[in-house]
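One structure is given below, encoded as structure tokens.
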There are 2 protein chains.
Amino acid sequence: MTRVLVVEDDPQLVRALVINMQARRYGVDAAPDGATALRLAAAHRPDVVMLDLGLPDMDGVDVIRALRGWSRVPILVLSARQGSAEKVAALDAGADDYVTKPFSMDELMARLRAAVRRTEETPLAPETTLVVTAGFTIDLRAKKVVRGTRDVRLTPTEWQLLEILVTHPGRLVTQKHLLQEVWGVSRAGKTNYLRVYMAQLRRKLEADPSHPRYLITEPGMGYRFEG
Amino acid sequence: MTRVLVVEDDPQLVRALVINMQARRYGVDAAPDGATALRLAAAHRPDVVMLDLGLPDMDGVDVIRALRGWSRVPILVLSARQGSAEKVAALDAGADDYVTKPFSMDELMARLRAAVRRTEETPLAPETTLVVTAGFTIDLRAKKVVRGTRDVRLTPTEWQLLEILVTHPGRLVTQKHLLQEVWGVSRAGKTNYLRVYMAQLRRKLEADPSHPRYLITEPGMGYRFEG
DNA sequence: CACGCCCTTGACGCATCCCTGACGCCCAGG
DNA sequence: CCTGGGCGTCAGGGATGCGTCAAGGGCGTG
């Protein structure tokens with residue numbers, strides 16, 4: 001059964017959504033605010049999130065970013081705001097679709113189906129949670145790095161950067177791509193961020209940080225993790 | 001470079017879309033009708049399809065179904081029809097998103113980015129990105145060249161040139177085309193750029209750079225990659 | 001309130017890359 | 001035989017990108 005997390009503070013709309021989705025054999029969870037939403041998302045691992053941007057406790061875009069920090073679950077945004085700036089912000093933060101209220105329930109359900117279909121089609125990559133090199137070991141699920149016999153402490157930003165590189169082993173990852181994934185599109189172009197954080201990662205992971213063996217830079221293009 | 005196929009019969013709208021996307025460094029193809037669209041999609045393998053439903057020769061939903069018969073390329077539907085029935089039909093046929101005209105260009109570009117981002121995140125693209133010759137191996141997706149047992153380091157400009165030639169194997173690529181793709185229209189005509197960079201590529205890839213076997217020059221016309 | 005951690009930002013030296021001009025070769029045509 | 005255009009080669013100068021360091025600010029914690 002496909003599980004949907006509905007994040008919406010209007011009880012009436014929640015009721016309507018829940019009824020419609022249960023009739024279509026979806027499993028539905030509901031959260032009235034952002035904090036509850038993040039907690040439920042982590043606990044129940046829904047297959048789709050339907051998110052209202054106008055929440056009482058926090059900005060909807062921040063909810064998107066928080067989710068994207070650890071999950072790739074499809075996010076379908078509902079919002080009363082029709083301005084294109086809001087849409088762009090939500091989509092660039094990681095949302096998959098944006099529907100403005102009032103909406104047709106048929107259309108919403110079709111967009112929901114489209115989002116679910118996409119995730120079902122992707123064969124769910126072979127979930128390698130351990131990345132082992134001669135110098136260190138990365139446990140992606142536990143978010144842990146061990147170097148020799150000691151644990152390495154990474155800051156959240158350092159971890160995000162490392163995670164992206166490590167999940168594309170051997171491949172070149174563009175500076176723009178890294179910046180967009182970690183800092184969002186608004187900060188694309190700030191290549192100095194990358195320089196600072198790559199230096200920190202090397203200092204923590206490489207035996208000889210000034211001659212990196214794993215975190216390779218390709219001048220003018222991006223960075224690459226060599227396994 | 002991300003390649004977009006625009007399927008739209010209104011020349012004015014095509015022009016606006018192409019200009020906007022080229023400014024954002026997308027590679028754009030355009031098709032005025034469904035038949036051309038299907039042919040170009042098969043030949044050029046775009047990364048995204050932007051599809052108008054109101055085509056002169058066939059129903060847009062049939063175009064979606066035809067594409068979905070063999071491809072999972074993201075399809076972004078543009079349409080003047082606002083009815084939810086049309087949206088549902090298109091989405092259920094396999095479209096990924098549906099934007100009604102008139103739309104904000106910013107929003108459309110954000111939805112385009114969202115669609116591209118999704119496909120980039122899913123690893124394990126079945127696409128064959130390896131170009132193998134007796135002398136060297138090129139991995140287009142990883143942006144990596146291996147010659148014998150050693151990695152070859154290419155500068156961004158060298159890589160762009162090589163990428164264009166290699167993705168048109170055996171075919172002649174015009175000097176003007178190469179210059180426009182790598183340096184932009186303003187520098188078309190500076191054929192000396194090509195001479196310098198082709199020489200560098202040959203020095204890095206060919207066994208005998210002065211008698212090239214793979215990077216062939218066609219005097220007065222352009223260059224060709226022999227696989 | 002003080003402290004520490006983390007993110008951001010600027011400055012600086014250095015390596016590399018891009019562009020440019022000069023020169024010589026080959027080939028075709030006069 | 002001479003000439004001119006197209007091409008390959010080389011070397012240097014300016015520009016850009018990268019690594020590094022350090023300082024400042026925001027935020028939560030003790």
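Worth knowing before you read on, the calculation uses all heavy atoms, side chains too, and leaves out hydrogens, waters and symmetry mates. Because the structure is predicted, anything quoted here is derived from the model rather than measured. Within every chain, numbering begins at 1; the chains are lettered A, B, ... in the order of the sequence lines, protein sequences first and strands thereafter.
Note on A:Asp29 versus A:Arg3: no salt bridge recorded, every NZ/NE/NH1/NH2 to OD/OE distance being 4.0 Å or above.
Phosphate proximity of C:dC7 to A:Tyr197: present, with a side-chain N or O under 4.0 Å from OP1 or OP2.
When the nucleotides C:dC7, C:dG21, C:dG10 are ranked by their closest atom to the side chain of B:Val196, C:dG21 comes out on top.
Between A:Asp9 and A:Asp33, the closest side-chain pair of non-hydrogen atoms is not below 4.5 Å. Counting heavy atoms from C-beta on, the side chains of B:Asn20 and B:Met109 come closer than 4.5 Å.
For A:Met58, the CE atom counts as densely surrounded, since its 6.0 Å shell holds more than 12 non-hydrogen atoms of other residues, nucleotides or ligands. No more than 12 heavy-atom neighbours from other residues, nucleotides or ligands sit within 6.0 angstrom of CZ on B:Arg15.
Between the CD atom of B:Glu158 and the C1' atom of C:dC17 there is a distance of 9 Å, given to the nearest Å. The interatomic distance linking B:Leu194 (CG) with C:dC18 (C1') rounds to 14 Å, in whole Å.
Under the 3.5 Å distance criterion, the side-chain polar atoms of B:Arg113 are left unmatched by any main-chain donor or acceptor of A:Val88. Between the side chain of A:Arg195 and the backbone N or O of A:Met198 there is no donor-acceptor pair closer than 3.5 Å.
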Side-chain polar contacts of residues 176-185 of chain B - donor-acceptor pairs under 3.5 angstrom, sequence neighbours left out - could you list them?
none

Donor-acceptor pairs under 3.5 Å, side chain of residues 202-210 of chain A to any protein atom, not counting sequence neighbours: which ones?
from: A:Arg202; atom 1: NE; to: A:Leu215; atom 2: O; distance (Å): 3.1
from: A:Arg202; atom 1: NH2; to: A:Leu215; atom 2: O; distance (Å): 2.8
from: A:Lys204; atom 1: NZ; to: A:Arg153; atom 2: O; distance (Å): 2.8
from: A:Lys204; atom 1: NZ; to: A:Glu158; atom 2: OE1; distance (Å): 2.8
from: A:Lys204; atom 1: NZ; to: A:Glu158; atom 2: OE2; distance (Å): 3.4
from: A:Glu206; atom 1: OE1; to: A:Arg213; atom 2: N; distance (Å): 2.8
from: A:Glu206; atom 1: OE2; to: A:Arg213; atom 2: N; distance (Å): 3.2
from: A:Glu206; atom 1: OE2; to: A:Tyr214; atom 2: N; distance (Å): 2.8
from: A:Glu206; atom 1: OE2; to: A:Leu215; atom 2: N; distance (Å): 2.9
from: A:Asp208; atom 1: OD1; to: A:Ser210; atom 2: N; distance (Å): 3.4
from: A:Asp208; atom 1: OD1; to: A:Ser210; atom 2: OG; distance (Å): 3.0
from: A:Asp208; atom 1: OD2; to: A:His211; atom 2: ND1; distance (Å): 3.0

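From the 5' end on, the contacts that DNA chain D makes with chain B at under 4.0 Å to a non-hydrogen atom open and close at D:dG6 to D:dC10.
Residue B:Leu76 forms a side-chain contact (heavy atoms from CB on, under 4.5 Å) with just one option from B:Val99, B:Val6, B:Leu51, B:Val49, and that option is B:Val99. Here the rule is side-chain contact (heavy atoms from CB on, under 4.5 Å) with B:Val116, and of B:Val4, B:Asp47, B:Thr2 only B:Thr2 fits it. Checked against A:Glu163 for a salt bridge (Lys or Arg N to Asp or Glu O under 4.0 Å), the options A:Lys144, A:Arg68, A:Lys143 give a single hit: A:Lys143.
Listed by residue number, the members of residues 199-208 of chain B with any heavy atom below 4.0 angstrom from DNA chain D are B:Ala199, B:Arg202. Within residues 159-191 of chain B, the residues having any heavy atom under 4.0 Å from DNA chain C are, by residue number, B:Trp183, B:Arg187.
Distance NZ/A:Lys101 to CG/A:Leu13: 5.0 Å, rounded to 0.5 Å.
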Please tabulate the protein-to-nucleotide N/O contacts below 3.5 Å involving nucleotides 12-16 of chain C, giving atom names and distances.
none

